[in-house]
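Sequence positions, counted from 1, serve as the residue numbers for this chain.
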Amino acid sequence: MSASSAPITEPAKLRAQRLPERSGQPLAIDRRGLRLRLVTIAVLAVAVVTVLLAVPDLRPVVREITGMDPALVAAAVALELASCLSFVVIFRLFFAPVPTMAARELAWTQMGSGALLPGGGVGSLAVGGWLLHLAGMPTRQIVQRSSGLFFLTSAINVLTLGAAGLLLTLGVAGGPHDALRAGLPVLAAAGGLVVLALPPLARRIAREHPRASWLEDIGTGVRAARDALARPSWRLLGAFGYLLFDIAVLWTTFAAVGPLPPLAPLVVAYLVGYLANAIPVPGGIGVLDAGLVGALALYGLPLGHAVAAVLVYHAIAFWIPTIGGALAYIPLRRHLTPGEEPAVAPRLPRRSLAGPERRG
(Lines give C-alpha, C1' and ligand atoms only; values in the text may rest on other atoms or scores of the structure.)
Protein backbone atom coordinates (compact mmCIF):
# COMPACT_ATOMS: atom_id res chain seq x y z
CA MET A 1 0.00 0.00 0.00
CA SER A 2 1.36 3.44 -0.88
CA ALA A 3 2.03 5.77 2.01
CA SER A 4 1.86 8.86 -0.17
CA SER A 5 0.61 9.95 -3.56
CA ALA A 6 1.95 13.51 -3.66
CA PRO A 7 3.82 13.72 -6.97
CA ILE A 8 7.34 14.99 -7.09
CA THR A 9 9.92 14.71 -9.81
CA GLU A 10 12.93 12.53 -9.13
CA PRO A 11 15.91 12.10 -11.44
CA ALA A 12 16.18 8.64 -12.96
CA LYS A 13 19.64 8.27 -11.47
CA LEU A 14 21.09 9.66 -8.24
CA ARG A 15 24.70 9.13 -9.28
CA ALA A 16 25.35 5.99 -11.23
CA GLN A 17 29.06 6.36 -11.77
CA ARG A 18 31.69 7.30 -9.21
CA LEU A 19 31.71 9.72 -6.33
CA PRO A 20 33.32 13.08 -7.09
CA GLU A 21 36.90 13.51 -5.99
CA ARG A 22 37.48 16.00 -3.21
CA SER A 23 40.50 17.84 -4.64
CA GLY A 24 42.22 14.48 -5.09
CA GLN A 25 42.32 13.88 -1.34
CA PRO A 26 40.62 11.17 0.70
CA LEU A 27 37.60 12.12 2.77
CA ALA A 28 38.86 13.97 5.84
CA ILE A 29 37.46 13.19 9.25
CA ASP A 30 37.59 15.95 11.83
CA ARG A 31 39.30 13.80 14.46
CA ARG A 32 40.28 16.77 16.60
CA GLY A 33 36.68 17.99 16.76
CA LEU A 34 35.44 14.49 17.53
CA ARG A 35 37.98 14.09 20.34
CA LEU A 36 36.95 17.48 21.75
CA ARG A 37 33.28 16.48 21.81
CA LEU A 38 34.05 13.16 23.48
CA VAL A 39 36.22 14.86 26.11
CA THR A 40 33.44 17.40 26.74
CA ILE A 41 30.90 14.63 27.26
CA ALA A 42 33.26 12.75 29.57
CA VAL A 43 33.87 15.89 31.67
CA LEU A 44 30.14 16.58 31.93
CA ALA A 45 29.47 12.96 32.89
CA VAL A 46 32.12 13.08 35.62
CA ALA A 47 30.62 16.34 36.85
CA VAL A 48 27.16 14.78 37.11
CA VAL A 49 28.50 11.74 38.98
CA THR A 50 30.48 14.01 41.32
CA VAL A 51 27.37 16.03 42.13
CA LEU A 52 25.42 12.84 42.83
CA LEU A 53 28.08 11.64 45.25
CA ALA A 54 28.87 14.97 46.89
CA VAL A 55 25.43 16.50 47.50
CA PRO A 56 23.84 14.90 50.57
CA ASP A 57 20.26 15.33 49.32
CA LEU A 58 21.03 13.30 46.20
CA ARG A 59 22.69 10.36 47.91
CA PRO A 60 19.35 8.55 48.28
CA VAL A 61 19.03 8.79 44.49
CA VAL A 62 22.34 6.96 44.09
CA ARG A 63 21.09 4.28 46.49
CA GLU A 64 17.89 3.94 44.47
CA ILE A 65 19.88 3.52 41.27
CA THR A 66 22.17 0.88 42.76
CA GLY A 67 19.12 -0.94 44.13
CA MET A 68 17.34 -1.17 40.78
CA ASP A 69 16.07 -4.54 39.59
CA PRO A 70 18.65 -5.71 36.99
CA ALA A 71 15.96 -7.57 35.03
CA LEU A 72 13.96 -4.38 34.57
CA VAL A 73 17.07 -2.44 33.57
CA ALA A 74 17.78 -5.14 30.96
CA ALA A 75 14.18 -4.82 29.77
CA ALA A 76 14.69 -1.05 29.42
CA VAL A 77 17.77 -1.66 27.26
CA ALA A 78 15.77 -4.05 25.07
CA LEU A 79 13.01 -1.46 24.69
CA GLU A 80 15.54 1.17 23.61
CA LEU A 81 16.86 -1.24 20.99
CA ALA A 82 13.28 -1.69 19.79
CA SER A 83 12.92 2.09 19.55
CA CYS A 84 16.10 2.35 17.46
CA LEU A 85 15.02 -0.47 15.14
CA SER A 86 11.68 1.31 14.71
CA PHE A 87 13.54 4.38 13.49
CA VAL A 88 15.33 2.24 10.90
CA VAL A 89 11.91 1.07 9.68
CA ILE A 90 10.50 4.58 9.25
CA PHE A 91 13.78 5.84 7.76
CA ARG A 92 13.39 3.26 4.99
CA LEU A 93 9.93 4.66 4.20
CA PHE A 94 11.38 8.01 3.14
CA PHE A 95 14.71 6.78 1.78
CA ALA A 96 13.54 3.74 -0.17
CA PRO A 97 15.92 4.44 -3.13
CA VAL A 98 18.89 3.84 -0.81
CA PRO A 99 20.05 0.19 -0.79
CA THR A 100 18.88 -1.72 2.26
CA MET A 101 22.18 -2.17 4.08
CA ALA A 102 23.35 1.39 3.44
CA ALA A 103 19.98 2.72 4.63
CA ARG A 104 20.27 0.81 7.89
CA GLU A 105 23.78 2.11 8.44
CA LEU A 106 22.68 5.67 7.65
CA ALA A 107 19.71 5.42 10.01
CA TRP A 108 21.85 4.16 12.90
CA THR A 109 24.52 6.79 12.23
CA GLN A 110 21.86 9.51 12.23
CA MET A 111 20.47 8.27 15.55
CA GLY A 112 23.95 8.14 17.06
CA SER A 113 24.72 11.70 16.01
CA GLY A 114 21.36 12.85 17.37
CA ALA A 115 22.24 11.37 20.78
CA LEU A 116 25.79 12.72 20.73
CA LEU A 117 25.60 16.17 19.13
CA PRO A 118 23.99 19.35 20.49
CA GLY A 119 20.47 20.04 19.31
CA GLY A 120 19.30 16.41 19.23
CA GLY A 121 17.14 15.84 16.15
CA VAL A 122 18.40 18.92 14.31
CA GLY A 123 22.00 17.72 14.62
CA SER A 124 21.07 14.24 13.45
CA LEU A 125 19.30 15.64 10.36
CA ALA A 126 22.38 17.71 9.50
CA VAL A 127 24.71 14.71 9.79
CA GLY A 128 22.32 12.45 7.88
CA GLY A 129 22.01 15.01 5.09
CA TRP A 130 25.79 15.42 4.88
CA LEU A 131 26.32 11.66 4.58
CA LEU A 132 23.61 11.34 1.94
CA HIS A 133 25.24 14.15 -0.01
CA LEU A 134 28.59 12.36 0.11
CA ALA A 135 26.85 9.21 -1.08
CA GLY A 136 25.54 11.01 -4.16
CA MET A 137 21.94 12.02 -3.37
CA PRO A 138 20.98 15.45 -4.75
CA THR A 139 20.53 18.20 -2.17
CA ARG A 140 16.92 18.85 -3.09
CA GLN A 141 15.94 15.24 -2.50
CA ILE A 142 17.80 15.24 0.82
CA VAL A 143 15.82 18.28 2.01
CA GLN A 144 12.50 16.85 0.82
CA ARG A 145 12.99 13.40 2.27
CA SER A 146 14.62 14.52 5.53
CA SER A 147 11.90 17.10 6.18
CA GLY A 148 9.25 14.46 5.46
CA LEU A 149 10.83 12.13 8.02
CA PHE A 150 11.17 14.96 10.55
CA PHE A 151 7.58 16.21 10.18
CA LEU A 152 6.13 12.70 10.34
CA THR A 153 7.92 11.80 13.58
CA SER A 154 7.03 15.23 14.98
CA ALA A 155 3.37 14.69 14.02
CA ILE A 156 3.38 11.40 15.94
CA ASN A 157 4.77 13.24 18.97
CA VAL A 158 2.06 15.89 18.69
CA LEU A 159 -0.73 13.32 18.29
CA THR A 160 0.53 11.39 21.31
CA LEU A 161 0.74 14.58 23.39
CA GLY A 162 -2.80 15.52 22.43
CA ALA A 163 -4.17 12.05 23.19
CA ALA A 164 -2.53 11.91 26.64
CA GLY A 165 -3.66 15.46 27.44
CA LEU A 166 -7.20 14.61 26.36
CA LEU A 167 -7.27 11.59 28.70
CA LEU A 168 -6.23 13.88 31.56
CA THR A 169 -8.76 16.55 30.60
CA LEU A 170 -11.61 14.03 30.52
CA GLY A 171 -10.53 12.54 33.85
CA VAL A 172 -10.18 9.08 32.29
CA ALA A 173 -6.52 8.65 33.32
CA GLY A 174 -4.90 9.20 36.69
CA GLY A 175 -2.97 12.43 37.15
CA PRO A 176 -3.68 16.17 37.26
CA HIS A 177 -6.93 17.25 35.60
CA ASP A 178 -6.64 21.04 35.85
CA ALA A 179 -6.93 23.21 32.75
CA LEU A 180 -3.26 24.22 32.75
CA ARG A 181 -1.58 20.83 32.98
CA ALA A 182 -4.26 18.81 31.16
CA GLY A 183 -5.80 21.31 28.75
CA LEU A 184 -2.66 23.10 27.59
CA PRO A 185 -1.11 19.96 26.00
CA VAL A 186 -4.32 19.47 23.99
CA LEU A 187 -4.21 23.06 22.72
CA ALA A 188 -0.50 22.76 21.93
CA ALA A 189 -1.12 19.56 19.96
CA ALA A 190 -3.95 21.17 18.00
CA GLY A 191 -1.70 24.11 17.15
CA GLY A 192 1.17 21.83 16.15
CA LEU A 193 -0.94 19.94 13.63
CA VAL A 194 -1.63 23.20 11.79
CA VAL A 195 1.87 22.84 10.31
CA LEU A 196 0.57 19.98 8.15
CA ALA A 197 -1.62 22.52 6.30
CA LEU A 198 1.27 24.83 5.32
CA PRO A 199 2.58 23.39 1.99
CA PRO A 200 0.47 25.72 -0.23
CA LEU A 201 1.76 28.75 1.66
CA ALA A 202 5.36 27.54 1.39
CA ARG A 203 4.95 26.96 -2.34
CA ARG A 204 3.51 30.44 -2.89
CA ILE A 205 6.32 32.13 -0.93
CA ALA A 206 8.96 30.11 -2.83
CA ARG A 207 7.52 31.15 -6.18
CA GLU A 208 7.34 34.83 -5.23
CA HIS A 209 10.82 34.86 -3.69
CA PRO A 210 13.31 32.70 -5.63
CA ARG A 211 15.88 32.88 -2.84
CA ALA A 212 13.42 31.07 -0.59
CA SER A 213 12.97 28.16 -3.01
CA TRP A 214 14.03 25.77 -0.23
CA LEU A 215 10.66 26.44 1.42
CA GLU A 216 8.95 24.57 -1.39
CA ASP A 217 11.15 21.52 -0.73
CA ILE A 218 10.24 21.64 2.97
CA GLY A 219 6.58 22.01 1.99
CA THR A 220 6.95 18.87 -0.12
CA GLY A 221 8.26 17.07 2.96
CA VAL A 222 5.29 18.30 5.02
CA ARG A 223 2.92 17.03 2.33
CA ALA A 224 4.66 13.65 2.31
CA ALA A 225 4.34 13.40 6.10
CA ARG A 226 0.65 14.27 5.89
CA ASP A 227 0.02 11.74 3.14
CA ALA A 228 1.94 9.06 5.04
CA LEU A 229 -0.56 9.50 7.88
CA ALA A 230 -3.53 9.51 5.49
CA ARG A 231 -2.41 6.47 3.44
CA PRO A 232 -0.33 4.41 5.85
CA SER A 233 1.90 1.47 5.06
CA TRP A 234 3.19 -1.01 7.61
CA ARG A 235 6.37 1.06 7.93
CA LEU A 236 4.35 3.81 9.60
CA LEU A 237 4.38 1.57 12.68
CA GLY A 238 8.07 2.47 12.93
CA ALA A 239 7.19 6.11 13.66
CA PHE A 240 4.93 5.07 16.53
CA GLY A 241 7.40 2.48 17.81
CA TYR A 242 10.28 4.99 17.75
CA LEU A 243 8.41 7.20 20.24
CA LEU A 244 6.38 4.70 22.28
CA PHE A 245 9.22 2.24 22.91
CA ASP A 246 11.36 5.13 24.15
CA ILE A 247 8.60 6.26 26.52
CA ALA A 248 8.38 2.64 27.68
CA VAL A 249 12.08 2.82 28.60
CA LEU A 250 11.36 5.67 31.03
CA TRP A 251 8.27 3.85 32.35
CA THR A 252 10.38 0.72 32.95
CA THR A 253 13.13 2.61 34.79
CA PHE A 254 10.40 4.02 37.03
CA ALA A 255 9.23 0.47 37.69
CA ALA A 256 12.80 -0.45 38.63
CA VAL A 257 12.88 2.09 41.50
CA GLY A 258 9.34 2.06 42.84
CA PRO A 259 5.65 1.86 42.03
CA LEU A 260 4.62 2.49 38.45
CA PRO A 261 3.42 6.05 37.75
CA PRO A 262 0.18 6.83 35.90
CA LEU A 263 0.87 6.51 32.18
CA ALA A 264 -0.85 9.64 30.81
CA PRO A 265 1.03 12.19 32.96
CA LEU A 266 4.27 10.31 32.28
CA VAL A 267 3.70 10.62 28.52
CA VAL A 268 2.90 14.34 28.73
CA ALA A 269 5.86 15.01 31.04
CA TYR A 270 8.17 13.07 28.70
CA LEU A 271 7.16 15.11 25.66
CA VAL A 272 7.24 18.42 27.53
CA GLY A 273 10.56 17.61 29.22
CA TYR A 274 12.22 16.77 25.93
CA LEU A 275 11.84 20.40 24.84
CA ALA A 276 14.91 21.09 26.98
CA ASN A 277 16.95 19.04 24.52
CA ALA A 278 16.81 22.01 22.13
CA ILE A 279 19.47 23.69 24.31
CA PRO A 280 22.77 23.04 22.47
CA VAL A 281 24.59 20.87 24.99
CA PRO A 282 26.43 17.74 23.75
CA GLY A 283 24.39 14.65 24.50
CA GLY A 284 21.77 16.77 26.30
CA ILE A 285 23.71 16.01 29.49
CA GLY A 286 22.24 17.95 32.37
CA VAL A 287 19.61 19.89 30.41
CA LEU A 288 17.56 16.87 29.29
CA ASP A 289 17.74 15.37 32.77
CA ALA A 290 16.61 18.65 34.34
CA GLY A 291 13.83 19.09 31.78
CA LEU A 292 12.45 15.59 32.29
CA VAL A 293 12.71 15.66 36.07
CA GLY A 294 11.09 19.09 36.22
CA ALA A 295 8.23 18.03 33.94
CA LEU A 296 7.67 14.78 35.85
CA ALA A 297 7.55 16.69 39.15
CA LEU A 298 5.14 19.21 37.60
CA TYR A 299 2.79 16.36 36.78
CA GLY A 300 2.84 15.04 40.32
CA LEU A 301 5.29 12.17 40.02
CA PRO A 302 7.55 11.55 43.05
CA LEU A 303 10.72 13.62 42.74
CA GLY A 304 13.15 11.08 44.23
CA HIS A 305 11.96 8.28 41.95
CA ALA A 306 11.90 10.68 39.00
CA VAL A 307 15.57 11.67 39.39
CA ALA A 308 16.76 8.07 39.61
CA ALA A 309 14.53 6.89 36.76
CA VAL A 310 15.53 9.78 34.47
CA LEU A 311 19.27 9.35 35.05
CA VAL A 312 19.12 5.65 34.16
CA TYR A 313 16.76 6.35 31.25
CA HIS A 314 19.09 9.01 29.83
CA ALA A 315 22.11 6.73 30.14
CA ILE A 316 20.31 4.02 28.16
CA ALA A 317 18.85 6.45 25.60
CA PHE A 318 22.32 7.96 25.10
CA TRP A 319 24.57 4.91 24.89
CA ILE A 320 22.42 2.52 22.83
CA PRO A 321 22.09 4.79 19.76
CA THR A 322 25.59 6.21 20.23
CA ILE A 323 27.26 2.77 20.23
CA GLY A 324 24.97 1.56 17.44
CA GLY A 325 25.72 4.67 15.38
CA ALA A 326 29.48 4.27 15.84
CA LEU A 327 29.33 0.60 14.80
CA ALA A 328 27.20 1.48 11.77
CA TYR A 329 29.50 4.31 10.67
CA ILE A 330 32.50 1.97 10.39
CA PRO A 331 31.10 -0.03 7.43
CA LEU A 332 29.33 3.06 6.08
CA ARG A 333 32.65 4.87 5.58
CA ARG A 334 33.71 2.53 2.81
CA HIS A 335 30.75 3.77 0.74
CA LEU A 336 31.90 7.37 1.25
CA THR A 337 35.48 6.90 0.06
CA PRO A 338 36.24 8.49 -3.33
CA GLY A 339 36.99 6.01 -6.08
CA GLU A 340 34.38 3.45 -5.03
CA GLU A 341 30.82 2.89 -6.15
CA PRO A 342 28.39 5.14 -4.29
CA ALA A 343 26.24 3.70 -1.53
CA VAL A 344 23.14 5.31 -3.02
CA ALA A 345 22.70 3.17 -6.11
CA PRO A 346 20.27 4.21 -8.84
CA ARG A 347 16.74 2.90 -8.44
CA LEU A 348 13.59 3.29 -10.49
CA PRO A 349 12.02 6.77 -10.20
CA ARG A 350 9.29 7.05 -7.56
CA ARG A 351 6.09 9.08 -7.83
CA SER A 352 6.32 10.23 -4.25
CA LEU A 353 8.66 10.65 -1.32
CA ALA A 354 7.09 7.78 0.60
CA GLY A 355 5.98 5.51 -2.19
CA PRO A 356 5.51 1.74 -2.21
CA GLU A 357 8.34 0.34 -0.17
CA ARG A 358 10.65 -2.49 -1.19
CA ARG A 359 11.33 -5.52 0.92
CA GLY A 360 14.07 -5.10 3.55
Side-chain angles (χ1 to χ4, degrees), residues 57-58 60-65 67-83 86 153-193 237 239-277 284 287-318:
D57 290 340
L58 292 182
V61 175
V62 177
R63 288 196 293 271
E64 285 197 337
I65 292 175
M68 280 185 169
D69 184 347
L72 288 175
V73 174
V77 172
L79 288 167
E80 185 62 29
L81 281 170
S83 174
S86 297
T153 53
S154 298
I156 299 302
N157 291 358
V158 169
L159 288 170
T160 304
L161 176 66
L166 187 61
L167 290 175
L168 291 175
T169 302
L170 297 176
V172 176
H177 306 300
D178 54 275
L180 180 62
R181 290 181 291 177
L184 192 58
V186 177
L187 293 176
L193 290 176
L237 295 174
F240 287 95
Y242 180 49
L243 172 67
L244 298 180
F245 281 127
D246 198 59
I247 294 175
V249 176
L250 181 58
W251 193 71
T252 304
T253 58
F254 255 100
V257 296
L260 284 174
L263 188 56
L266 178 75
V267 170
V268 175
Y270 169 94
L271 292 167
V272 171
Y274 247 94
L275 295 175
N277 213 29
V287 295
L288 178 59
D289 308 273
L292 285 173
V293 170
L296 290 166
L298 178 66
Y299 278 84
L301 301 176
L303 184 59
H305 290 341
V307 174
V310 164
L311 288 174
V312 175
Y313 158 79
H314 192 189
I316 294 171
F318 175 81

Heavy-atom closest pair, residues Gly165 and Val186: C-CG2, 3.4 Å
How many angstroms lie between atom CG of Leu79 and atom OG1 of Thr252, to the nearest 0.5 angstrom? 4.5 Å
Could you tell me if the side chain of Leu266 sits less than 4.5 Å from the side chain of Leu263, heavy atoms only? yes
Evaluate the side-chain proximity of Pro262 to Leu301: yes if any heavy-atom separation is below 4.5 Å, no if none is. yes
Pairs flagged by ring pair (Phe, Tyr, Trp, His ring centres under 6.0 Å) wherever residues 239-265 is involved - sequence neighbours left out: Phe87-Tyr242
So NE2 of His305 and CG of Leu260: to nearest 0.5 Å the spacing works out to 10.5 Å
Side chain to side chain, Leu243 and Thr153, heavy atoms closer than 4.5 Å: no
Report yes if some heavy atom in the side chain of Val268 is under 4.5 Å from a heavy atom in the side chain of Leu161; otherwise report no. yes
For Gly273 and Leu288, work out which heavy atoms get closest and say how close. O-CD1, 4.2 Å
Nearest heavy-atom neighbours spanning Pro265 and Gly174: CD-O, 3.1 Å
Nearest heavy-atom approach of Thr253 to Ala309 is OG1-O, 3.1 Å
Can a donor-acceptor pair be found, under 3.5 Å and without considering hydrogens, that links the side chain of Tyr299 to the backbone of Arg181? yes
Has the side chain of His177 got a donor or acceptor atom that lies under 3.5 Å from a matching backbone atom of Leu168? yes
For the atom pair CG (Leu303) and CG (Leu298), what is the distance rounded to the nearest 0.5 Å? 12.0 Å
So do the side chains of Tyr270 and Val249 get within less than 4.5 Å of each other, counting heavy atoms only? no
Non-neighbouring partners of Tyr313 that pass side chain to side chain donor-acceptor pair (under 3.5 Å), sequence neighbours left out: Asp246, Tyr274
Kindly give the heavy-atom pair with the smallest separation between Ala269 and Ala295, and that separation in Å. O-CB, 3.3 Å
Can you give me the closest heavy-atom contact between Ala173 and Ala264, atom names plus distance? CB-CB, 3.5 Å
